[in-house]
Amino acid sequence: MTLEQLQTLNSIVLHGSLKAAAGVLHKTQPALSMAIKKLEAEYGFEILDRSGYRLGLTAPGKAFYQKAQELLLNAEQLHSLGQHLASGNEALVRLAYDSVCPHDLILNVLKKCQRDYPQTELHVFGESRFGALELLQKAEIDLAISPWWPTFHSVGDFQALKIGSFEILLVAAPQLFRGQAVTDVAQLKSEVYLVSEESELSFDSENLMLVKGARKWKTRDMQTLKQMLLSGLGWGYIPRHLAEEALEDGRLVPLTPQGFEFSIQGEICLVRREEHTLGPVASMIWQNFLCP
């Protein structure tokens, strides 16, 4: 069995006759007929039903043709991938984003990537507490979307492109403090501080959250953190875009103790390693953020 034989069979079935298939494939009718007869001889059953005016498939021929179509599709995909890679395009691009970054910052660019480079596989990782930058520092991803402060240049040779802003709010479920207004830090320390686990970057990320001396429960997943806050297990910081709906309907309330950072704001940047040359697909992603 050859790929050419399967392509011949496919053309005959699609066009219903040797004459029409020969015209499409630019081959003679005898050549197509011989190709199918050799295929039938190899497996010992008739694939084509030649009893009618229009060529059709026998019962076993239908089962054979169905599998042949799968193989032809795989062959076409392989051919397309080969052309894609021959053009210098990446087979894989790895992108990580921090949970403080709203998804709508990246979805439109990902759609364009999918449309323009369908053969490139994209791995997208959701991280928290600067985990995206940690992956970039370890060269485990190509691009990171992360909160950004200038001090981050100290942990890697990064190039950062501002693409948005974020706000993290101090919140709790109203039942945690029994409906009382939280005006003092001592009130916070009487309950559990729910926090996303920090990365292993070589700077004190704990200082960025400006919370010390409280009992802590940690999780790596921001959605889990949100559910823990909603259930009244403790208080903590959460990105505004994740808390918006719960703040509107009262399931979460903002906490504003005096002399305490209850709102943290900053830049969101697309970040790359200076020494790493981006391929065409990763460069397209970078350029689309640069010139939206």
If only atom types and distance count, is the side chain of Arg240 paired as donor or acceptor with the main-chain N or O of Leu169 below 3.5 Å?
-> no
Measure the shortest side-chain to side-chain distance between Val182 and Trp235 over non-hydrogen atoms and say whether it is less than 4.5 angstrom.
-> no
Do Leu122 and Gln114 come within less than 4.5 Å of each other through their side chains, counting heavy atoms only?
-> no
Greater than 12 external heavy atoms within 6.0 Å of Asp49's CG = yes
Roughly how far, to the nearest 0.5 Å, is the CG atom of Asp98 from the SG atom of Cys269?
-> 12.0 Å
Ile285 versus Leu278: any side-chain heavy-atom pair under 4.5 Å?
-> no
Is there a donor-acceptor pair closer than 3.5 Å between any side-chain N or O of Ser11 and the backbone N or O of Thr8?
-> no
Is the CD atom of Gln258 crowded by more than 12 outside heavy atoms at less than 6.0 Å?
-> no
Joint cluster assignment, Val253 & Tyr237, ILVMFWY side-chain distance < 4.5 Å | yes
Establish whether Met228 and Val100 are linked, either directly or via other cluster members, by ILVMFWY side-chain heavy-atom contacts under 4.5 Å.
-> no
Where the side chain of Glu90 meets the backbone of Val281, is there a donor-acceptor pair that is under 3.5 Å apart?
-> yes
Interatomic distance, OG1@Thr224 vs CG@Leu229, rounded to 0.5 Å, equals 11.0 Å
Side-chain touch Phe177/Leu188, heavy atoms, less than 4.5 angstrom | yes
Indicate, with yes or no, if the rings of Tyr193 and Trp217 have centres closer together than 6.0 Å.
-> no
Relative to the ring of Phe64, is the ring of Tyr43 parallel (under 30°), tilted (30 to 60°) or perpendicular (over 60°)?
-> tilted
So Glu42 and Lys38, salt bridge (Lys or Arg N to Asp or Glu O under 4.0 Å) or not? Walk me through it.
-> CA-CA 6 Å; Glu42 181 176 351; Lys38 285 184 177 180; over 6 Å; no
Hey, could you give me the CG/CD1 distance between Leu18 and Ile36, rounded to the nearest 0.5 Å?
-> 8.0 Å
Taking it one step at a time, do Thr219 and Asp221 satisfy side chain to side chain donor-acceptor pair (under 3.5 Å)?
-> CA-CA 6 Å; Thr219 177; Asp221 179 72; 5.5 Å; no
Does the pair Met222 and Ser196 meet the rule for a side chain to side chain contact (heavy atoms under 4.5 Å, CB included), with working shown?
-> CA-CA 7 Å; Met222 190 59 67; Ser196 58; 4.1 Å; yes
Distance, nearest 0.5 Å, that separates CD of Gln187 from CG of Leu255 | 9.0 Å
Under the side chain to side chain contact (heavy atoms under 4.5 Å, CB included) criterion, do Gln223 and Leu242 qualify, and how do the steps go?
-> CA-CA 8 Å; Gln223 289 297 332; Leu242 291 179; 3.6 Å; yes
With no hydrogens and no angle check, is any side-chain donor or acceptor of Glu40 less than 3.5 Å from a backbone partner on Ile47?
-> yes
Arg220 versus Glu127: any side-chain heavy-atom pair under 4.5 Å?
-> yes
Report, as yes or no, whether the 6.0 Å neighbourhood of atom CD on Glu4 holds more than 12 heavy atoms from other residues, nucleotides or ligands.
-> no
Residues Tyr117, Val93; criterion side chain to side chain contact (heavy atoms under 4.5 Å, CB included); working and verdict | CA-CA 11 Å; Tyr117 297 96; Val93 172; over 6 Å; no
Taking the six-membered ring for Trp and the single ring otherwise, decide whether the centroids of Phe158 and Phe152 are under 6.0 Å apart.
-> no
Do Lys112 and Arg115 have side chains that get closer than 4.5 Å, going by heavy atoms?
-> yes
More than 12 heavy atoms from other groups under 6.0 Å of CD on Gln66 | no
Test item: Arg54 and Ser17 side chains (from C-beta on) under 4.5 Å apart, heavy atoms | no
When you measure from the side chain of Arg273 to the backbone N and O of Ile141, does any donor-acceptor pair fall under 3.5 Å?
-> no
Please round to the nearest 0.5 Å and tell me the distance separating atom NE2 of His103 and atom CD1 of Ile145.
-> 10.0 Å
Are Leu72 and Val24 connected in the hydrophobic side-chain network, where two residues link if heavy atoms are under 4.5 Å apart?
-> no
Side chains of Leu48 and Leu57: closer than 4.5 Å at any heavy-atom pair?
-> yes
